[in-house]
Amino acid sequence: LAMSEITLFYSSVSSNLEIKKQQQRMQMVLDGKKIPYTLVDIAADSAEKDRMRHIAGNDRALPPQLANGSTYCGGYDAFDEAVEMEQLEQFLKL
């Protein structure tokens with residue numbers, strides 16, 4: 001795989017259990033497929049939350065969200081579907 005610029009936007013302080021599980025599963029899948037990515041904690045930096053929402057084109061987007069550089073890949077549901085369909089590389093635009 002070429003060097004990827006995959007960014008996983010997540011929140012370290014989410015009280016939402018569902019979001020925590022989704023974030024963990026995304027990391028597990030990416031690690032399992034040896035896809036390099038950068039973790040960005042939107043809870044630590046509101047500018048990163050704004051960047052995530054700008055990339056997603058949705059000012060209410062919640063983590064986890066994936067991007068390749070400044071290109072939006074998708075949120076958890078789209079990720080999960082891509083994994084099921086074995087189209088993760090296409091989803092991540094790799």
Side-chain angles (χ1 to χ4, degrees):
L1 280 177
M3 254 318 283
S4 74
E5 297 290 324
I6 302 298
T7 304
L8 172 51
F9 293 97
Y10 80 107
S11 172
S12 60
V13 297
S14 178
S15 58
N16 182 323
L17 197 61
E18 193 62 23
I19 285 178
K20 280 186 177 160
K21 280 198 216 146
Q22 292 176 355
Q23 292 175 166
Q24 286 170 338
R25 176 148 192 271
M26 276 185 166
Q27 285 179 252
M28 208 172 69
V29 170
L30 292 171
D31 291 342
K33 294 192 178 290
K34 304 207 174 357
I35 296 172
Y37 60 96
T38 306
L39 275 173
V40 173
D41 181 5
I42 65 165
D45 187 346
S46 65
E48 290 294 1
K49 185 198 291 183
D50 294 341
R51 183 166 74 102
M52 174 190 82
R53 290 179 166 172
H54 175 73
I55 289 172
N58 175 353
D59 57 11
R60 293 193 172 167
L62 294 172
Q65 299 287 341
L66 281 162
N68 185 339
S70 59
T71 306
Y72 183 55
C73 296
Y76 183 78
D77 290 340
F79 170 83
D80 193 44
E81 188 172 320
V83 172
E84 290 294 308
M85 306 290 285
E86 297 185 356
Q87 292 178 337
L88 187 59
E89 280 78 11
Q90 294 94 308
F91 169 77
L92 294 172
K93 300 169 174 37
L94 296 177

Exercise. Roughly how far, to the nearest 0.5 Å, is the CD1 atom of Ile6 from the NZ atom of Lys93?
Worked result: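 Answer rounded to 0.5 Å: 9.0 Å.
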Exercise. In Å, rounded to the nearest 0.5 Å, how long is the span from OG of Ser70 to NE2 of His54?
Worked result: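 Between Ser70 OG and His54 NE2, I get 8.0 Å after rounding to 0.5 Å.
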For this session: Locate the shortest heavy-atom distance separating Leu92 from Asn68; write the atom from each residue and the value.
Result: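 Closest approach of Leu92 to Asn68: O-ND2, 2.9 Å.
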Exercise. What pair of heavy atoms forms the shortest contact from Pro36 to Lys34, and how long is it?
Worked result: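 Heavy-atom minimum between the residues: CD-O, 3.5 Å.
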Exercise. Mind checking what makes side-chain hydrogen bond (donor to acceptor under 3.5 Å, both in side chains) contact with Thr38, not counting sequence neighbours?
Worked result: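 Expected list: none.
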For this session: With sequence neighbours left out, write down each residue that passes side-chain hydrogen bond (donor to acceptor under 3.5 Å, both in side chains) with Asn58, or none if nothing qualifies.
Result: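 side-chain hydrogen bond (donor to acceptor under 3.5 Å, both in side chains) list for Asn58, sorted by chain: empty.
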Exercise. Apart from Phe9 itself, which Ile, Leu, Val, Met, Phe, Trp or Tyr residues share its cluster (side-chain heavy atoms under 4.5 Å, direct or through members)?
Worked result: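 Phe9 clusters with Val40, Ile42, Met52, Ile55, Tyr72.
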Problem set entry | Co-members of the apolar cluster containing Met28 [side chain, <4.5 Å] |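 Result for Met28 is none, singleton.
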For this session: Quick one: list whatever passes side-chain contact (heavy atoms from CB on, under 4.5 Å) with Phe91, sequence neighbours left out.
Result: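 Here the qualifying residues are Leu66, Cys73, Ala78, Phe79, Ala82, Leu88.
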Among pairs that include at least one residue of [range], which meet side-chain hydrogen bond (donor to acceptor under 3.5 Å, both in side chains), considering only residues two or more places apart or in two chains?
| range | answer |
| --- | --- |
| residues 42-51 | Glu48-Arg51 |
| residues 77-87 | Arg25-Asp80 |
| residues 9-23 | Ser12-Asp41 |

For this session: Determine, using the 4.5 Å side-chain heavy-atom cutoff (strictly less than), whether Tyr76 and Val83 are members of one ILVMFWY cluster.
Result: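 Same cluster.
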Exercise. Are Leu94 and Leu39 grouped together when hydrophobic residues (ILVMFWY) are joined by side-chain heavy atoms under 4.5 angstrom apart?
Worked result: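 Linked, Leu94 and Leu39 end up in one cluster.
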Exercise. Arg53: what forms a salt bridge (Lys or Arg N to Asp or Glu O under 4.0 Å) with it, not counting sequence neighbours?
Worked result: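 Arg53 satisfies salt bridge (Lys or Arg N to Asp or Glu O under 4.0 Å) with no other residue.
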